[in-house]
Amino acid sequence: MLIYARFHGRGGQGVKTASRILGNAAHFEGYYTQDFPIYGAERRGAPVVAFTRISDEPTPIPERGYIFNPNLIILADESLLNDPIVNPISGLQNSGTLFINTSKPVDKIFINRDDVRIVVEDLIDLSLKYVGKPVLSTSLGAVAAKLTGIIRWVSLEEGVKEELLEIGIRGEMLEKNILLAKACFERVYPTPLPIPKLAEPRKIVKINWMPVDLTIPEIRNVGNTRVRKTGNWRIFKPILNPEKCTRCGICVIYCPEGVITMTDNGLEIDYDNCKGCLICFNECPVKAFNYIREVEAA
Amino acid sequence: MMRTKLISELKPRREITPTIAGAKMMTGNVAAAWAARLAEVDYIPAYPITPQTEIVETLSQWIALGEMNAKLTFLDSEHSMLTAAGTGSLTGARVFTATSSQGLLYGFEMLYNIAGWRAPIVLVNVSRAVAAPITLEPDHNDFLSTRDTGFILLQTETCQEVLDLILLAYRVSEDYRVLLPSIVNLDGFHLSFTREPVKLPEIEEVRSFLPRYNPPYPFRASKPSAKGVAVLRPPLYSFYKYQMHLSSLNAIKVFKEACDEFEAYFGRRYDVVEKYMVDDAEYVIVMMGSFTSIGKKAVKMMREEGLSIGLLKLRMVRPFPVQDVRRALEGKKAVAVIDQNISPGFGGTLYAEVSSALYNVEKKPKVILPVIGGIGGKTLSLDEFRYIVELMKKYQEGGEPEPILLFREDELREVESLLKIGVGG
């Protein structure tokens, strides 16, 4: 095996497509490749993980499922870096590469590992510049392909084309994405990745009968969704101009997250849970909303 | 200090691996859709369920774009979907449909009917563990629940195998010596959403390998007949049912014949079982499905460490390939059966089947170890395969093995911390 790449991001950010772009590129480069995503019940904003395995053996890849010991990690969303449930850098191999999509410089990124290489790039910025939309799939796939050190531009270009055509992107939009991929590909430099090592041996344990307080599948500690803030997925922050607002309430009705509330003092937006979909901005009949690019995660 | 070897020093640019030349990256679901397209099916009754939906979505898209000529209808449940599939097949149409888990169980009653009508449909089941608790991850309880329906049951390991076995399933099902429907199973996520290189056969070759279905008694207005009849004399029921059993047994021979022809056409070799380093092995692990890939890797590594071990993959589950299993496993020191399913109060389903196949064999293995692993999509690792070998050796010294669950210490810790969040304390 050569490459064990793991992609972390949120539903809707294009992590699955990115893993497939890398998969296509490696396939066109002539390697046996496998890629796949894991997600639960589909929900935009929920953490998503995807994988690409690249092998130099001439036989199908004899592995399945989660990659626990990647040598390359691609993190689409910096806000997940310190999420204890996602734990995106877990298992990253010694001298492996961690890529983070962020507007911060690399010396402002803190992880408690000094044996891995961190690469940062503001892919949102590049995507806005080349495509006009914050699309991460192409840029993440391109960065990942370059960081493997074994994929040439021609294979990546073919890989991006095949994947985007399959999801219905063509014409000018496809060309813009190719330019974006090229820009990302030229922007980062690979350092050699370590040969994947086996995980430390782990013990097999016997599972004994336990009493019903632990073994009925039910959640009795209810109400913990309130502490799970979903606002950290936001790329654009809607800003309401209260002077323009007529309090018609259309945004309150359209907001899919229910985070806009009508109060005696006007409208209030719960930014802890606003995902920045900008439906309020689009639906407001008097254009009372504006938005700003959010650089720091909420 | 020894320097870590680095990838770029090992592998500069290389040529395309011949085994993937001309292949296309696709998921198991898309491979299943391609098989239906290449088999030029006439009718696809459909109902969505994760992780199967991509199959009927793909077919629906091809039909809408005019790339495929078939009638696709969305029904109001899996029960009506399967009823439509069986009755459609009786008119003489080639029928394809797909479902998963709860959907399969919701339509369950019709499985017995379709087999009893002798309607040779091919149903793809994308394995997903059955609720409760609810999950989207795979195991084989849904697939194996169909064990006694009369369907031919085939199990796949790779995306290529998904495509190939669906084509083979039509060949076997539509053969008059069999004339029974088939279920081709693929594991959710690990195949359904996993992309691997898949070679698409040429349509002319598929047409030649799999000619149009020629039903023995198609349902025609000009030639009426009553199908799905009641038999109120018990001997008649016994007779029909036993004929189904004998026809199912024929499927082993018919499958093997079809595999020979398949290899001549497409160059890939299949059989009812697959032996991986089995012939000279003292210890053998029996399993099926996509996790077999992980098993093969573990076997290869243990071989390199000098252990005499092999892996027997079951590709066909019904009819159960008793002779092939016997010939592969007789004379072995110990056999472990990994069941990716659980029958609470007993253990694994395949364990009982493999054991019964071996009981009357003269040189039967001393130990047949029952192992439950990978249920609800729990991954298997090298550690677990090593543990199985330890146990096989231990029970050779004596003792009566009980079904064990493959579960690691780190996984138990994870479960404990999740339980804490869920129930407090």
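Below, chains carry the letters A, B, ... as their sequence lines are ordered, and counting in each starts from 1.
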For [X] and [Y], which I'm curious about, is there any donor-acceptor pair between the side chains at under 3.5 Å?
| X | Y | answer |
| --- | --- | --- |
| A/R53 | A/Q34 | yes |
| A/N94 | A/R113 | no |
| A/R20 | A/T52 | no |
| A/E63 | A/Y4 | yes |
| A/E162 | A/N24 | no |
| B/E57 | B/S60 | no |
| B/T27 | B/R195 | no |

Portion of [X] that has a non-hydrogen atom of chain B nearer than 4.5 angstrom:
| X | result |
| --- | --- |
| A/I207 | side chain |
| A/E218 | backbone |
| A/P217 | side chain |
| A/E163 | side chain |

Query - B/M288 side, atom CE; B/I338 side, atom CD1 - distance, nearest 0.5 Å - result: 11.5 Å

Requested in this report: Hey, could you give me the CE/CG distance between B/M392 and B/L307, rounded to the nearest 0.5 Å?
Outcome: 8.0 Å

Top contributor to chain B contacts, counting heavy-atom pairs under 4.5 Å, from [options]:
| options | result |
| --- | --- |
| A/D35, A/I219, A/L214 | A/D35 |
| A/P37, A/P60, A/P190 | A/P37 |
| A/K16, A/R202, A/R220 | A/R202 |

**Report entry** Other residues, nucleotides, ligands: >12 heavy atoms within 6.0 Å of A/I167 CD1
**Finding:** yes

Query - A/E200 atom CD, neighbour heavy-atom count above 12 within 6.0 Å - result: no

Query - Aromatic centroids of A/F36 and B/F193 separated by under 6.0 Å - result: no

Requested in this report: Go through the structure and list residues passing ring-ring contact (aromatic ring centres under 6.0 Å, His included) with A/F68, not counting sequence neighbours.
Outcome: A/Y66

With a 4.5 angstrom heavy-atom cut-off, is it the side chain or the backbone of [X] that approaches chain A, or both, or neither?
| X | answer |
| --- | --- |
| B/T379 | side chain |
| B/I421 | both |
| B/I404 | neither |
| B/S192 | neither |
| B/T292 | neither |

**Report entry** Top of B/L419, B/L382, B/I294 for chain A proximity - count of heavy-atom pairs under 4.5 angstrom
**Finding:** B/I294

Query raised in the report: Hey, which of B/A298, B/P133, B/S290, B/G377 has the most heavy atom pairs under 4.5 Å with chain A?
Result: B/S290

Report summary line: Listed by number, the residues in residues 405-412 of chain B that come under 4.5 Å of chain A (heavy atom to heavy atom) are B/L405, B/F407, B/R408, B/E409, B/D410, B/L412

